[in-house]
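Sending over a structure as structure tokens; questions will come in a sec.
What's counted below: heavy atoms across the whole structure, side chains too, no hydrogens, waters or symmetry copies.
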Amino acid sequence: MIMSTKNLLILATGGTIAGMAGSATRAEYAPGQIGIEQFLSGARALELNARFTGEQVANIGSEDMGPDVWAQLHARSIAALESDEFDGVIITHGTDTAEETAFLLDMTLPTNKPVALVGAMRPADAVGYDGLRNFANAVRVACDPAAAGRGVLVVMSDRVHAARDVRKSRTRGTEAFCGFPRESVGLVTPSALEWFGAAWRVDEDARFGFAADLPDVPILLIHAGMTPDYVARLVTDQTRGLVVAGAGEGNMPKAVRAELVALAAKGIPIVRASRLDEGLVDREPEDDDNRFVAARALTPQKARILLQLLIASEVSDPASIQLEFDRR
Ligand code: SIN
């Protein structure tokens, strides 16, 4: 089947996909060095079956990603999803926090057209640069009408991951991304795309309005030997909720738990997530009395974003928050 040529909006934010080392073999490099037009001239040379309109939203290492750039990405993506000009959106992004941007946009964009995030583990002048391969794959995904209705997708190393599932799991190497509970939702090459099952969010509206002014929700990473004063060190007058990156299935030392129960009683929502890579956290009987919420399949960093969006939407009682975590 011959696909018609699609028009894609490419929003560039930096990262290693736009990084430079100054040598094909040097380990040290700087992310966010080449601009979108330079990147797209490399992509156009691949003669992919798509037309690109590039916009430089930022050119940063994704450790500096946050609400200001998210607000721009959200506004530009919404405009493209609502316009007849574009068939889909691709966001080039650093790999370190791609999962957080993907999840935030997944919760705040409609699903009527494909939106894909893509990055690279090797800078643009490195031997074996993976950025153009990943980008060609993302183009293949974003050109497929069947990519719509799956929320925001992350395309890395020939796999398509859903925003809810994806996480960066390795600091090095091109096979750096995993998914949980679904490992991936499709396999892709520049010329082939196989979906594992049907789209699950066909023509859905955005689940939340975008709030640039996200409330303060810290993450408490539990470790052996933790004393309860860690909670007071993390929580300020500005704190509106807290996510526990718990041991095992969201567990924490008894004395820390007592501090958090006291906070929850004052109306600060507490979400129990897991610090484990495959950390499904279900409700435990004491959660009712403690007024705690179980993060289910969300990692602490994604649980934080969902809790921020809920609090920004004035959802703050534990039962209503739990319902929203149960739906993810
Ligand atoms: C970053 O996240 O900006 C640096 C790391 C990468 O893109 O692989």
Side-chain angles (χ1 to χ4, degrees), residues 97 99-100 102-104 106-108 151-152 161-169 178-183 185 200-201 204 207-208 211 214-224 226 228 230-231 234-235 239-328:
T97 62
E99 63 208 59
E100 280 142 279
F103 184 71
L104 185 275
D106 189 59
M107 292 291 106
T108 55
V152 174
H161 297 280
R164 194 273 311 259
D165 306 325
V166 69
R167 70 183 193 285
K168 187 174 180 181
S169 56
C178 284
F180 178 80
R182 288 171 299 186
E183 204 284 325
V185 295
W200 61 94
R201 288 179 59 190
E204 270 191 16
R207 288 177 167 171
F208 295 94
L214 290 169
D216 181 53
V217 174
I219 298 175
L220 180 68
L221 175 64
I222 300 297
H223 55 80
M226 182 175 251
Y230 277 73
V231 177
L234 199 60
V235 172
T239 301
R240 297 287 169 268
L242 183 142
V243 173
V244 181
E249 198 169 335
N251 296 321
M252 62 203 88
K254 283 190 192 64
V256 171
R257 180 181 297 263
E259 290 291 314
L260 296 180
V261 168
L263 271 183
K266 286 187 202 154
I268 304 283
I270 308 291
V271 176
R272 292 190 306 109
S274 173
R275 66 180 191 172
L276 302 185
D277 286 348
E278 299 193 352
L280 203 60
V281 175
D282 280 332
R283 285 188 72 75
E284 56 186 15
E286 308 85 75
D287 283 340
D288 286 346
D289 288 343
N290 292 343
R291 299 176 60 78
F292 286 176
V293 173
R296 305 293 194 200
L298 293 186
T299 59
Q301 53 273 34
K302 289 182 199 167
R304 172 177 183 268
I305 290 170
L306 180 55
L307 185 55
Q308 287 178 306
L309 290 170
L310 286 165
I311 294 169
S313 319
E314 295 182 2
V315 178
S316 56
D317 73 286
S320 306
I321 293 174
Q322 185 65 67
L323 270 179
E324 293 293 336
F325 276 83
D326 292 350
R327 287 192 185 127
R328 302 304 152 221

Can you list every salt bridge (Lys or Arg N to Asp or Glu O under 4.0 Å) pair that touches residues 315-328, not counting sequence neighbours?
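Counting only pairs at least two positions apart or across chains, the salt bridge (Lys or Arg N to Asp or Glu O under 4.0 Å) contacts touching residues 315-328 are Arg296-Asp326, Glu324-Arg327, Glu324-Arg328.
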Quick one: does any side-chain atom of His161 pair with a main-chain N or O of Glu183 as donor and acceptor, under 3.5 Å?
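Here the side-chain-to-backbone pair exists.
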Any chance you could lay out the side-chain contact (heavy atoms from CB on, under 4.5 Å) test for Val217 and Thr239, step after step, and finish with the verdict?
CA-CA 6 Å; Val217 174; Thr239 301; over 6 Å; no
Measure the spacing between CG of Leu220 and CZ of Arg272 and express it to the nearest 0.5 Å.
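Taking CG in Leu220 and CZ in Arg272, the distance rounds to 13.5 Å.
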Looking at Ile222 and Pro253, what are the two nearest heavy atoms and their distance?
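Result for this residue pair: CG2-CD, 3.7 Å.
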Yes or no on side-chain contact (heavy atoms from CB on, under 4.5 Å) for Glu100 and Phe103, after CA distance, side-chain angles and deciding distance?
CA-CA 5 Å; Glu100 280 142 279; Phe103 184 71; 5.9 Å; no
Taking Val293's backbone N and O only, do any of them form a donor-acceptor pair with Asp287's side chain (distance below 3.5 Å, no angle check)?
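Such a contact is absent between Asp287 side chain and Val293 backbone.
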Provide the closest heavy-atom pair for Ile321 versus Leu310 in the form atom of the first, atom of the second, distance.
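Closest heavy-atom pair between Ile321 and Leu310: CG2-CD1, 3.9 Å.
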Looking at Arg182 and Asp165, is any side-chain nitrogen of the basic one under 4.0 Å from a carboxylate oxygen of the acidic one?
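Salt bridge between Asp165 and Arg182, a charged N being under 4.0 Å from a carboxylate O: yes.
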Treating Gln308 as the side-chain partner and Pro215 as the backbone partner, does any N or O pair qualify as donor plus acceptor under 3.5 Å?
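Yes, the answer is positive, given that a donor and an acceptor are paired below the 3.5 Å cut-off.
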Which heavy-atom pair separates Thr299 from Ala273 by the least distance, and what is that distance?
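Here Thr299 and Ala273 meet closest at C-CB, 4.4 Å.
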Polar side-chain atom of Arg291 near backbone of Val261 as donor-acceptor pair, under 3.5 Å:
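Checked: no pair found.
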Backbone of Val315 reached by a side-chain donor or acceptor of Ser313 within 3.5 Å:
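Flag not set: sc Ser313 to bb Val315 has no pair under 3.5 Å.
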Atom pair CZ (Arg240) and CG (Leu214), whose distance is rounded to the nearest 0.5 Å:
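If we round to the nearest 0.5 Å, Arg240:CZ and Leu214:CG are 13.0 Å apart.
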Taking Gly248's backbone N and O only, do any of them form a donor-acceptor pair with Ser274's side chain (distance below 3.5 Å, no angle check)?
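Such a contact is found between Ser274 side chain and Gly248 backbone.
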If every non-hydrogen atom of Ala294 is compared with every non-hydrogen atom of Val281, which pair is closest and at what distance?
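In terms of heavy atoms, the two residues are closest at CB-O, 3.5 Å.
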For residues Met252 and Leu260, determine if any side-chain heavy atom of one lies less than 4.5 Å from a side-chain heavy atom of the other.
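Yes. Closest side-chain heavy atoms under 4.5 Å.
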Under a 4.5 Å cut-off applied to non-hydrogen side-chain atoms, are Val244 and Ile270 in contact?
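In contact.
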Quick one: are Leu234 and Ile219 in side-chain contact, heavy atoms under 4.5 Å?
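The answer is no; the side chains never approach within 4.5 Å.
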Within-4.5 Å side-chain heavy-atom neighbours: Val271 and Leu242:
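Counting from C-beta outward, Val271 and Leu242 never come under 4.5 Å.
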Got a second to check how far Asp277's CG is from Arg167's CZ, nearest 0.5 Å?
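So the CG of Asp277 and the CZ of Arg167 are separated by 4.5 Å.
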Are Tyr230 and His223 close enough that their ring centers fall under 6.0 Å?
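Aromatic pair counts; centres sit under 6.0 Å.
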Among Gln301, Arg164, Lys302, find the one that has a side-chain hydrogen bond (donor to acceptor under 3.5 Å, both in side chains) with Glu99.
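Filter result, single survivor: Gln301.
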State plainly whether the residues Arg275 and Glu249 are in salt-bridge range, i.e. N to O under 4.0 Å.
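Glu249 and Arg275: not salt-bridged.
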Quick check: closest heavy atoms across Pro218 and Gly241, and the distance to 0.1 Å?
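Taking Pro218 first and Gly241 second, the nearest heavy atoms are CD-O, 3.1 Å.
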Do Glu284 and Phe292 have side chains that get closer than 4.5 Å, going by heavy atoms?
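Glu284 vs Phe292: side chains apart.
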Please check: side-chain N/O of Glu278 versus main-chain N/O of Phe180, any donor-acceptor pairing under 3.5 Å?
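Side chain of Glu278 to backbone of Phe180, a donor-acceptor pair under 3.5 Å: no, none is there.
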Would Arg283 and Asp288 count as a side-chain contact (heavy atoms from CB on, under 4.5 Å) if you check the C-alpha gap in whole Å, the side-chain angles of each, and the deciding distance to 0.1 Å?
CA-CA 9 Å; Arg283 285 188 72 75; Asp288 286 346; 2.7 Å; yes
Do Asn290 and Arg257 have side-chain heavy atoms sitting under 4.5 Å apart?
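A side-chain contact under 4.5 Å exists here.
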Contact summary for Pro269 and Ile311, nearest pair of heavy atoms
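Closest heavy-atom pair between Pro269 and Ile311: CG-CD1, 4.3 Å.
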